[in-house]
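Have a look at the structure below before the remarks.
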Amino acid sequence: MSVGEEKAKNRRGLSGWLNPYHYNLERWAYVFQRVTGLGILAYVVGHLGDTSFFVGGPTGTGPSSSTWAFMSNLVENSFGHLILVLVVLILVFHGTNGIRLIVSELGLVLGKPGAIEYPYKAKSLGAVQKAAIGLAIALALVAMVWTYLILFGGTI
Amino acid sequence: MVETLKHDVVIVGSGLAGLRAAIEAARASGGKSDIAVVTKVQAMRSHSVSAEGGTAAVLYPELGDSLESHEFDTVKGSDYLADQDAVERFVKAMPGEIYQLDHWGLPWSRKEDGRIAQRWFGGYSYPRATYAEDKVGFFEMQTLYDTATKYDNIHFYQEWFVTSIIAEGGEFRGFTAIEMKTGGFAQILGKAGILATGGSGRLYSFATYGYSSTPDGMATAYRAGIPLKDMEFIQFHPSGLIPSGILITEAVRGEGGVLVNNQGERFMKRYAPNKLDLASRDVVSRAMMTEIEEGRGFKDEATGLDYIHLDFSPIGAEKIKARLTQIREIAIKFRGIDPVEKPLPVKPVCHYVMGGIDTNIDGATKLKGLWAAGEAACVSINGSNRLGANSTAECLVWGKITGAEAAKYAEGKSKPSPTGESAQLEEKRIFDGIFHGKGGTNPYEVRDTIQKEMDKNVFVYRTGEGLGNALRKIRELKAKDFLHCEDKSRVYNTNLSDVLEVESMLTVAEVVIAGALARTESRGAHARRDFPERDDKNWLKHTLAFPGPDGPRLDYSAVTITKYQPAERHY
Amino acid sequence: MRESRLMLIQYTTAVLAVALVAVHLLMQGIITPYSTAISFSTILSIYRSWFYAIFLEALLVVVLVHGFNGLRIILHEWKQTAPWSRWTDIGTLVAIVATVAYGTRTVILAIFGGVSG
Amino acid sequence: MTDLRLAIQRFDPSRDPKPRMVEYTVPRRQGMTVLEALLFARDYMDHSIGVRFSCRQASCGSCGMKINGRPRLACYTQVDELGGDSVVAQPMDNYAIIKDLVTDLGSFFQKHAQVTPRLVRSDAREQDNPTKEYLIKPDELSKVLQFTYCIKCGLCTSACPTVATDSKFPGPQALAQAYRYTADVRDQGGAERIESLDSEHGIWRCHFAGSCSYVCPKGVDPALGVQLLKRHVMSGKPPHLAEEASKEYRAPQTQT
C-alpha cells in the first residue's frame, strides 16, 4: 500500500531485549538474565555431552569406544578452563539475580503502594533492587576470580 | 470522495459532557442505540482532564447544606444572569451524579468515616466542592472513559475533525469530518446529534486551556445558523501560573491559601470583607488587576508579566502534599518553586466561557435533533460568572440529560439518507479551497495575533475603545489570505486542521467582541471601565449572536427568574 | 495448563537449581580439589554413591526443565503465531525428555554399565 | 542564550520509504519545554511537522515521544534538564508511526479495555442507580491511589522490552490498571480479571525489567502494580474478598 509501510510498524523487536541503553539498571539486569540463561542452557547441553564420555571408561573398555581421557584432553586446557571461568560467572549472576526476580515478582520487598510525593520515585526500583543486583554482580565476580585461581592458580 | 457512516446518536467531543452523554445514551436505550463519539483528539486527551479543584454538589444536608443554598450561591455568582429554572434542575441532579461516579470507581477523597469529603470553593456558603485530591476532572474523565469500555454500542472516532453540521428541512442529519490519520473525508450521519466540544479559551494566549481548546464546535454551530449566547462573558480565573498560565486551582484558597500583594498585605479584605480570597472569581480577579494597576503587584523579569503572590503557608506542608499533589508537581516542574516553601506567582487567566451554543433547559438547540452540552453550550446556569466547581458538575448533568434526550429522540426515527450534496460542498471548501489553496499569510501568525489582541483588549477590564480596536483587528485578520495549507500530504495533516481552527477562532472572537462592545454595563465577568455599573433595566437579558453578512447580528432573550430577584452582590 | 502453574514450576526449579548447582560447584572445586574432582575414580565413586547419583539426576531434571521452559518463554515472546506457539511447546517437551533421557543414560550406565577404573 | 538544535525524525509512510532526521535551529528561552521548541519549528519553520499535543501540563498524555533516546512527555521535559544544546525527537517505539512524531495508540487503548478496567459489582441495580456512596476508608483508598494517576500516555508500553516483540502482551499500562481496579475495595470482579491475565501472553510475560516505572511521568509505578498482581494471579485470589466486605459497612446506606 504505502511506500513506508514496513518501517511504519516501528516495533523495536529484538533490540528491545538486547539494548538497554537509556534505561534503568533493572533493564540491564533483565538483558543479562536472558543472555546468561541462554548461555547456561547451551553449556548444560554441552556438559551432558562431555559427561557422557564417562561411560566409555578411562581406557575404552566400557560400552562406548570413546574414553574419558579423550574428552579430558579435549577440555582440560586453558581454553576449556576459560570457558569454565565464564560459566561460573554467569551461573552465579543468573542464580542470584534470579532469586531477586522471584522474590520481587511475588510482590515481596518492593514496598507498599501508597501516597506518593513529587518528584516521584518508583518504589519498585528502589534501593533493595539496586543492592540485590549489586550483590549478584559482586558474587559473580568473586566466584569467577575464585574459579580462576583454582583453575589457573597453579600455572601462574 | 465522501465516505458515509451511519449511527443513531452522534456525539462530538470526548470530554466530560461527551462521555457522560455517550454512557447515558447507551444506557437509556437499553444497549440498542448505536452511538458514535467523534473527537478531534484521542480519548482521554480532552481538556476536561485538566479540571482540578472540585465538583459542586449538596451531599450533607444533615450537616447544614441545602439545595436552596447551592441554588442561591450559583444565581448570585452569575450576577443574576443565570436561568433559575435550569439552576434548580442542575442543583437537584448533582448529588446523584457524585454517587454515580463513586459507583463507577472514581476515587473521591474520603473523610475518616469513609464518606465522601468536600472542601471550600469561592462564592459558596458551604464547603460543597467534592474532590479527589486536585485532579477532579482527570479522575472524572478516567472513570467515565473506563466505564464506557463496558458498552459495545459506543463507537469512538478518535482524531476525527468535525467541520460542519448537515441539516435538511430544519432537522439535524449528521456531521462532516476529516479523519486525521488518513486525511479522508466523511459524512457521519445520525438521527440525533450532541455537540460537546468544550470551551474556546485558546482565543487567549494566557489561558489555563490546553492548546486544543479552540472554538471549532461553537463556530460549526454558528455557521449552521444556531445562535451563540452570552459569549462576551469570559471567566478569568484568579490564579494562572506565571508564565505558562497553567491553572492553580481555587482549592488552594479553599484549603486556606491567600493572595498577597507586594506590600505583604492580604488585600482581599478591602474588596470582599466577608469571603476574602473565596469571593467569586470575577471579584477576586478584578481585585488582583486593580492591585497590579495601582502598583502593588510584582513583575516577572523574564516575561514582563505582572503578578500577585499566592501564599500556601497557611495550609501546611502535610495538607499540600496530600490534597494538592498535582499543584505542587506543576509548580515545581513548570516554575521551579515548591509551594511548601515559597509563594507562587499568579495572575488572572482566561479559564472558562460562560457563553456557548444557545440551548433550552434540556440542552436542545434551535436545530431539531441537535443538542449541546458542557462548556460548548449555554443553558444557562452560569450567567455572567460561573462559580468554581460548577462546570464539571454542569458537564455531568447536561451530559446525562442530552444523552438520554438524544437517545429517546433517535429511537422513533429511521436512519437518515440525505443526498450528500452539502457534504460534497464542504469537501470542496476544505480540500479545493484550503488544502490546495494558496496564500501569503502564515496562519499561525494570525492565531498569535488574535491571542495577543484578546489578551490586551478583551481581558478582565474592558473599554469601548479597546473593544473597538480589537474588533477592527479581528476583521483585518479575517480579510488576510491565511486559508491555505503548506503540508501537501493527506496523512495527519494538522496544518489543515489548524487553519480550520484559526478560522473558527476568528469567527468566535468576533462574536465575543461584538457582544462585549454592545453590552454597555458591567456584570459578572464583563467589567467595562466606561460602564462600571450593572444595569438591570436595560441589560438583564441574554445576548444572542446570529451569523450575518457583515459579522454577527445581535439579538437578546429574557432571563428566567423564579425565586431570586436581582440584588446587589456582596462577598 | 494455566500459565501460573508453569511459572510456579519455573520458580520452583529455579530455587532448587540454585541450591543444587551451588552444591555441585562446591563439590567440584572446593570440597575436593579440582584436579582430584575430575579424576575418573572420584567421579566413579560419586556415581556409585546412591546419594550423589540421585543428586545428579535431580540436578539434571531441574536444570533442564528450567532451562528449556525458559527458552520456551523467550520463543513465545519472540513470535506469536499459533503454529509457532504449538511447535515451541512440543519442541520444549521433546527437548526436555530427550536431554533428560540422555543424561540419565550416563548416570545409569555409569552405575550399572560395567564401567571400571 | 544559544540557539537550540532540534532534530526531528520525519517520516510520512504514504510518501517516504524510510524515516530521516531533519534539524531545525530554534531560538531558546528560559524554561522552554521540548513541546514549545517543536511547536516553534512547526509554526514558523515547517508547517508539515507532525506532532500530537493538547494540555501542555502533563495531564492529557498526548505528547509521548522519544526525546534523546528515552520515552518522555514533550510538554514535561524542559530543554535545560536534558543538558547540552541539542534535542533529538523521535516517535515512541513499539507503536506504528502515523507520521513524524505521531504514533498510533489504537492497540494500546484496546488492550486497556481488555482488562475490564472498571468497577465490577454484583449489585448492578445500585451501581447504576446510586442512593449513597460506597464507604472507603482513606487508608484503603491510598493503596490504589497511585495507580489511578495513569494518564494513558503510552510511555511505559513503549519502554517495555516484552512489548518490543510480543504483540499479544497487554503491556504495563493495562496490567497496572487491572491491579488498580482489582485492588479497589469496591470491586468484585477481581477473580475473573486475574483469571483472564493468567494466559500464555498474559501477565507472566512481564519479567520486571522495570523500564515502565522508570519512564512513567506520573509516579504510577506500573511495575509495582504488576508484581503485586502476579501474586494474586498465582494464588487465584484477588487482594480482598469484596463479597464478604460488602455485606457489612460497604453496603449502601439508606438516606437519613
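As the structure is a computational prediction, the values presented were derived from the model and not from experiment. Residue numbers start from 1 in every chain, and the chains themselves are labelled A, B, ... in the order their sequence lines are given, proteins ahead of strands.
Of the possible donor and acceptor atoms, none in the side chain of K135(B) sits under 3.5 Å from a partner among the backbone N and O of Y149(D). Under the 3.5 Å distance criterion, the side-chain polar atoms of R27(B) are matched with a main-chain donor or acceptor of D128(D). Without hydrogens or angle criteria, E133(D) side chain to I98(B) main chain gives no donor-acceptor distance under 3.5 Å. Remark: the backbone N or O of T148(D) is paired with a side-chain donor or acceptor of Q142(B) at under 3.5 angstrom. No donor-acceptor pair closer than 3.5 Å links the side chain of R42(D) to the backbone N or O of N495(B). A distance-only check finds a donor-acceptor pair linking the side chain of Q100(B) to the backbone of Q127(D) [under 3.5 Å]. Checked by atom type and distance alone, the side chain of R186(D) pairs as donor or acceptor with a backbone atom of G105(B) at under 3.5 Å.
Taking the six-membered ring where tryptophan is involved, the planes of F53(D) and Y211(B) are perpendicular, since the angle between them exceeds 60° and thus also 30°.
Using a 4.5 Å cut-off between heavy atoms, D139(D) does not touch chain B at all. Both the backbone and the side chain of Q57(D) come within less than 4.5 Å of a heavy atom in chain B. For chain B, the nearby part of I49(D) is the backbone; its heavy atoms alone come within less than 4.5 Å. Contact of L141(D) with chain B is made through the side chain alone, with heavy-atom distances under 4.5 Å. Interface residue E81(D): only side-chain heavy atoms are found under 4.5 Å from chain B.
A salt bridge links E159(B) with R52(D): the distance from a Lys NZ or Arg NE/NH1/NH2 to an Asp or Glu carboxylate oxygen falls below 4.0 Å. The existence of a salt bridge linking D487(B) and K99(D) is confirmed by a sub-4.0 Å separation between a basic side-chain nitrogen and an acidic carboxylate oxygen.
A side-chain N or O of H112(D) and one of D146(B) form a donor-acceptor pair less than 3.5 Å apart.
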